[in-house]
There are 2 protein chains.
Amino acid sequence: MSGEDNLLKLVEVEEADDHDYLLQEQVGFILRKAHQRHVSIFAARIADLTPPQFAALAKLRDVGETSQNQLGTLIAMDAATVKGVIDRLKARGMVELSRHEVDKRRLLVNLTPEGRDAIERLIPLAREITLETLAPLTAKEIVTFMKLLAKLA
Amino acid sequence: MSGEDNLLKLVEVEEADDHDYLLQEQVGFILRKAHQRHVSIFAARIADLTPPQFAALAKLRDVGETSQNQLGTLIAMDAATVKGVIDRLKARGMVELSRHEVDKRRLLVNLTPEGRDAIERLIPLAREITLETLAPLTAKEIVTFMKLLAKLA
DNA sequence: GCAAATTCATTCGTATGCAAATGATATCAA
DNA sequence: TTGATATCATTTGCATACGAATGAATTTGC
């Protein structure tokens, strides 16, 4: 029985046999592995920055100065996580922080010139990372896959 | 310009304009979000076990007693990560550890009766997690997506 | 205008995830 | 057989990731 048959069975029948549960066919398990592979490709091409750090810089380049929380929303990180990422970028001089003058709760984040240079320099490498991650697929498959993946995310 | 057009352009042209780099269209960023969504669905249905812990138990159910390293290979975890996962499962009485009699380097891992009960009980919930994760797709799209995702992972 | 609710940020605790270094054991090869 | 390699496991250090609790500041509702 192929993986596809199992999948169809899973969708169609009401009660499945527990012996049929195969971890390596579950979408969560494969998603985790695909993500791991991407992170590994990323690290091989961009050694001095993690994907979340890159995401923060790339988004700041898009939108300019924003609050830490808003940035977290834009790059899908909760408040606790984004704080750590921004702290480390600040320690490396890539971003600078300031208080919002009107709303004193907000911590504004912006690229420094060094941060801007870094993200501009890294974007061509990031394009290669995307291509290498998608390399197992044909051009047509890439279009299909990205459409479906976006529906899941 | 649609996301698909950008994608095609990325594949086809030799040199792209840096202004075209959009984080939210990159496969790595969307993979990370899809994985996050899955973990969130998992946590909502199985509160007392993480996906990696579940994966360890499910694989032990498949293959029976194995070395810690071999288990890590089977569930795509490096040695340091699998050690932490197994330590926590052991602390909760789900697995038991023993030394391999011939090769004294190996640490054998096996389900306890409690661990076996737990994984048998959780598998039906895991099926639901898979279905809910894939719920944004039609049955046909699921087949296509799983085939392409497997090629990437 | 004021109490309640909301928002922004921080901190703590727990759990992956991986690189690198280390130690113990096993295997290979000259 | 023994010296070089390889394998298995552990430890340390660093970086996400998120729930829950907290405090400060703002907005809402009446």
Side-chain angles (χ1 to χ4, degrees), chain A residues 28-29 31-44 46-57 65-92 94 97-109, chain B residues 28-29 31-44 46-57 65-92 94 97-109:
Chain A
F29 183 73
L31 267 180
R32 176 170 149 274
K33 286 212 298 177
H35 182 247
Q36 280 177 358
R37 174 170 168 271
H38 166 75
V39 172
S40 168
I41 291 169
F42 189 103
I46 299 182
D48 62 336
L49 222 55
T50 64
Q53 290 166 1
F54 176 89
L57 295 182
E65 189 175 59
T66 343
S67 74
Q68 193 174 262
N69 244 25
Q70 175 62 14
L71 180 61
T73 300
L74 293 172
I75 59 180
M77 286 178 211
D78 73 8
T81 301
V82 79
K83 187 192 187 310
V85 172
I86 294 303
D87 279 354
R88 284 180 285 275
L89 288 174
K90 186 195 175 211
R92 296 176 50 179
M94 311 281 253
L97 305 179
S98 60
R99 281 286 159 190
H100 192 285
E101 299 210 347
V102 176
D103 186 342
K104 295 180 203 163
R105 294 170 304 177
R106 296 190 204 173
L107 185 63
L108 296 175
V109 188
Chain B
F29 183 73
L31 267 179
R32 176 170 149 273
K33 286 211 299 177
H35 183 246
Q36 280 177 358
R37 175 170 167 272
H38 166 74
V39 171
S40 167
I41 290 169
F42 189 103
I46 299 182
D48 61 337
L49 222 55
T50 65
Q53 289 166 0
F54 177 89
L57 295 183
E65 188 174 58
T66 344
S67 74
Q68 192 174 263
N69 244 25
Q70 174 62 14
L71 180 61
T73 299
L74 294 172
I75 58 180
M77 286 177 209
D78 74 9
T81 300
V82 78
K83 185 192 189 311
V85 172
I86 293 303
D87 279 354
R88 286 180 284 276
L89 288 174
K90 185 194 175 209
R92 296 174 51 179
M94 312 281 252
L97 305 179
S98 58
R99 281 288 159 188
H100 191 286
E101 298 209 347
V102 176
D103 186 342
K104 295 180 204 163
R105 295 170 305 178
R106 297 191 203 171
L107 186 63
L108 296 176
V109 188

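Sequence lines set the chain letters: A, B, ... in the order given, protein chains first and strands last, and positions in each chain run from 1. What you are looking at is a predicted structure, and each value in this text was computed from that prediction instead of being measured.
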Would you be so kind as to tabulate the donor-acceptor pairs closer than 3.5 Å made by side chains of residues 73-81 of chain B, with sequence neighbours excluded?
from, atom 1, to, atom 2, distance (Å)
B:T73, OG1, B:N69, O, 3.3
B:D78, OD1, B:A80, N, 3.2
B:D78, OD1, B:T81, N, 2.8
B:D78, OD1, B:T81, OG1, 2.9

Inset, instruction - With heavy atoms under 4.0 Å as the rule, sort A:T81 into base, sugar-phosphate or nothing. - result: base
Inset, instruction - Tell me what A:V102 touches on the nucleic acid: a base, only sugar-phosphate, or nothing, going by heavy atoms under 4.0 Å. - result: sugar-phosphate
Inset, instruction - Specify the separation, in whole Å, of atom CG of B:L49 and atom C1' of C:dT14. - result: 14 Å
Legend entry - Integer-rounded Å distance: C:dT14 C1' and B:Q53 CD: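 It is 10 Å, rounded to the nearest whole Å.
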Legend entry - Axis deviation across the helix from C:dG1-D:dC30 to C:dA30-D:dT1, five-pair ends, to the nearest 10°: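 Answer for the end axes of this duplex: 30°.
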How would you list, by chain and number, every residue that makes a side chain to side chain contact (heavy atoms under 4.5 Å, CB included) with [X], sequence neighbours excluded?
X: A:K90; value: A:V95, A:L97
X: A:T50; value: A:P52, A:Q53
X: A:R106; value: A:S67, A:H100, A:D103
X: B:S98; value: B:E65, B:L108

Legend entry - Of residues 31-44 of chain A, the positions that come close to DNA chain D - non-hydrogen atoms, cut-off under 4.0 Å: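 Those residues: none at all.
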Inset, instruction - If a protein heavy atom is under 4.0 Å from the base, mark B; if only from the sugar-phosphate, S; if neither, -; do that for nucleotides 8-13 of chain C going 5' to 3'. - result: SSBB--
Inset, instruction - Dump the intermediate steps for side chain to side chain contact (heavy atoms under 4.5 Å, CB included) on A:L49 and A:L89, then the final yes or no. - result: CA-CA 9 Å; A:L49 222 55; A:L89 288 174; 4.3 Å; yes
Inset, instruction - Please report the shortest heavy-atom distance between B:I86 and B:A56, naming the atom on each side. - result: CD1-CB, 4.4 Å
Legend entry - From CA spacing to verdict: side chain to side chain contact (heavy atoms under 4.5 Å, CB included), A:L31, B:Q36: CA-CA 10 Å; A:L31 267 180; B:Q36 280 177 358; over 6 Å; no
Inset, instruction - For the pair A:R32 (side chain) and B:H35 (backbone), establish whether a donor and an acceptor sit closer than 3.5 Å, ignoring hydrogens and angles. - result: no
Inset, instruction - Identify the 5'-most and 3'-most nucleotides of DNA chain D with at least one atom closer than 4.0 Å to a non-hydrogen atom of chain A. - result: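 First-to-last contact on DNA chain D, by the 4.0 Å heavy-atom rule, is D:dA15 to D:dT26.
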Inset, instruction - With DNA chain D as reference, determine whether A:E101 or A:D78 sits nearer its 5' end, using the nearest nucleotide of each. - result: A:D78
Legend entry - Stepwise side chain to side chain contact (heavy atoms under 4.5 Å, CB included) check, B:V109 with B:T66: CA-CA 6 Å; B:V109 188; B:T66 344; 6.0 Å; no
Legend entry - Those residues that, when tested against A:F54, pass ring-ring contact (aromatic ring centres under 6.0 Å, His included) (two or more places apart): A:F42, B:Y21
Inset, instruction - For B:K83, enumerate each residue passing the salt bridge (charged side-chain N to carboxylate O under 4.0 Å, His left out) test, keeping only those at least two apart in sequence or located in another chain. - result: B:D87
